Amino acid sequence: MRRSEPQNSLSIRNQPLGQLATAGHRIEGWLFDIDELGPSVTLWVYDDDGRLHRLTDEFYPPVYARGDRAKLKRLAADLSKLGLIAGVRWVQKREFWSGDEIEVMQLNVSDSSYSLKLREIAAKLDREIIFYNIDIPTPQHYLYLTKLFPLCRVEARVDERGAVIEINAPNSAWEIDHPTPPLRVMRMRGERMRPLTGASRIIIATESDETVIHPAAGAKAIDIFNEVIERHDPDLILSERGDSALFPALLQVARREKLRLPLDRDRVMTERKIETEGRTYLSYGNVIYKPPSYPLFGRWHIDRENSFALHEAGLEGLLDMSRLSRLPVQRASRRSPGTSMTSMQMDRAINDGVLIPWRKNEPEKPKTALQLLTVDKGGLTFQPRAGEYENVAEIDFASMYPSLMIARNISPETVLCSCCRNKAVPEAGYNICEKRRGLIPLTLEPLVERRKVYKRLMKSADERTRAIYDARRAAIKWMLVTCFGYMGYKNARMGRIEAHEAVTAWGRETLLRAKEIAEDAGFEMLHALTDSLWIEKEGVTEEELSRLCETISRETGIEMSLEGVYRWLVFAPSKVKSTRPVAARFYGVFADGGMKIRGLACRRHDTPKFIKGAQEEMLDVLSKARNIEELHDRRQDARRIYEARVAELESGQVDPRLLIIEQVLSREIEEYDVETRAALAARELIGDGVNVHPGERVGYVITNAKAKNKAERVSASNRNGLVQYDRQEYAARLKAAAKEVGVIDDDDPPKSRRRPGANGALLFPD
Amino acid sequence: MGRTVLPFSMVLAEQQQRLGQFRRTLRKQDQELFDELFERARLHVQAAVQAANPEPMESIFISVLIEMLRAEKHLRARVDELEKELRDAKK
């Protein structure tokens, strides 16, 4: 990278400004974080003595344009005049969809803060000129091109002001073992933050002490907070609801008191790109609320409640994801694992000289209704016959969809390619390229491999290491899962619905093939779900099953493995009707005593803790049963737990906090036609001055389910134990949870909302 | 991501609804049998989906027939068993 005008460098912590500065000195250490800063990026590097350095490196992100030469030349001249670009040249690159080598004009953006302006200009021209690589966030773009990555080892030569002369990462992001750098962590959580009152508290904990501040105290609170930050100088602020509640509250108070809130380590004033407005969006038919976000400069802020990756894979998993994807840690923490996956694809494409399309320009090919009926089916979802079973084994395909994409070369640019004539995809009959390896398989292959390595190493690792490997494995799993979904997303620039359909078609074919092989081996198929089979055979042995798995793996080309043999397994019936099958509601105990539960009340988000706990207690008793006969006996024991919990509920002594039901608001409060409980709860919160958004979860206790005055039906804000809950309503819910696990019978059929007799005798015996 | 094709459980409900007047005119006890038929088809929803047949009733009929045949076989076996027990008892 070319450099001129160096930025100032500051070395922080016990190190007065500029003391380190010697001409062209070397720094060895590790990369803590990276931010964009106009014509440069800021690199935060910890040296091996534990000192933090703020380095800058000039970076002019290259974007590409394709079109009529004369028009491109005019464009370059115009952009230069506007000062938006710092360099122009002609280069050969490969086009993503066709794989053809093409000539494009490379434009180096003179300042990353101009990219929005550039995109506006590009959008107006996109009928004549096609733009590539134009909307890649600057920090990750820099990392792709320099091969640095978050937390990498760094060897750098910098000038006296901290401007990088030379920098490189001697190690690989793919190393299986990498030490987690020492991080100073500060934890923050709030109590009764919404609405902000005298009772609101923020608790700040470090390894050595704990500080409580009352935001309502105004200037004093801010002073204490700033003092704590300065004294501990944390690398990582790990908060609970920092994005949605804590930082907004602190910033609001600081602004009111006209005080500074120096959360960042960067003393250079920059325009902060904080998304202070939350937004609501739809995903898979669910309304999701994304709170505002408060990333920091030179310091990480990760909000536990606003980080799917942290929640699913812990800090170890998140950091590994950040390394592999080259997404800065705070970005990786707030975005879905799909963003990490996309970043890996862009990284791969850029380093292979492939241009990244900006906007989607491959429309879905028209289909007939029959074609649509054939291909738009998703994964296989059988309906198991409700009942109790023994001698059942569960066998699963490992990472089925990613493995299929790798094995069958499924990628947006390989499905329906223009060069190969075949009908590779089952049912759909789409052709798949045989000449070019797809971007998706190329990206996935090392990930799937890495996951396998961790799985293998986990077996012999000590407990601590095993936990780390497990976290990294979980992170990879989620990246793999989202990869498939994103391919079918209509706005994904490298997406193609036909590739998505090809994966599910192969998935169905593969599972059906597995079913046939199992049936040929004398098993009966009880249930099948996308990539798993539940098969039954009298006196089945593990040896027999591992042979079966080998055969299936060999014949399908996808690894099949034994999840376990069940001592017993119950497929629970539908709650609407006791004979109706449900695809994913079951519980059972494996030979090693481990229990597997799907779809029961204790696994659903809107089940209050008390009922969740009671059902888990009952399941725990049931889990001791070694066979179906014992299961029936155990149910008698579990019934006593049920009765004790009902008595507790009916006494009115249960802590209402354990009875909070959490539900996601699906729309704006004005849009509710029917006063659902969630809507009533939201209305109460709004009355208290709390902002609630669709997609956010509201919690409430049912106080009087049938009250005439609707406002009395639920209580949303008073969570401190003064609420009188509706005993009947909760007892009924507990009963349903007990019934779900067979602890109580259908003795008194529920008052049918449907036709009388709907629960009557069976027409057909089983 | 919206699915363009209806889930088959909804197709089933649709077909049931389409026959609403038929059902309504049945005697009450026959209405229950009518409902039971559709319940039985549910066990084979996945096969019906996989068939991708534009005329779903065909898949529904066959699903129901499979279940009836199963019931018949079950009853036949049961009758044989009871007959044998009866014969043994007489001996």
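Quantities reported herein were computed from a predicted structural model and do not represent experimental measurements. Letters A, B, ... are given to chains in the order of the sequence lines, protein chains preceding strands, and every chain is numbered from 1.
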Residues A/Y401, A/W506; criterion ring-ring contact (aromatic ring centres under 6.0 Å, His included); working and verdict: CA-CA 9 Å; A/Y401 284 171; A/W506 269 114; over 10 Å; no
Test item: A/T556 side-chain N/O and A/T510 main-chain N/O as donor-acceptor pair under 3.5 Å: no
Proximity of residues 80-91 of chain B to chain A, residues having a non-hydrogen atom under 4.5 angstrom: none
Residues from residues 47-63 of chain B approaching chain A under 4.5 Å (heavy atoms): B/V49, B/Q50, B/A52, B/N53, B/P54
Contacts of A/P337 that satisfy side-chain contact (heavy atoms from CB on, under 4.5 Å) - sequence neighbours left out: A/F308, A/M321, A/W478, A/M479, A/T482
Partners meeting ring pair (Phe, Tyr, Trp, His ring centres under 6.0 Å) with A/Y430 (sequence neighbours left out): none
Contact check, side chains of A/E519 and A/M525, non-hydrogen atoms, under 4.5 Å: yes
Heavy-atom side-chain proximity of A/L511 to A/T530 below 4.5 angstrom: no
Note: B/R23-B/D30 ion pair, threshold 4.0 Å (strictly below): no
Gap separating the CZ atom of A/F523 from the NZ atom of A/K515, nearest 0.5 angstrom: 14.5 Å
Atom CZ of A/R604 with >12 non-hydrogen neighbours under 6.0 angstrom: yes
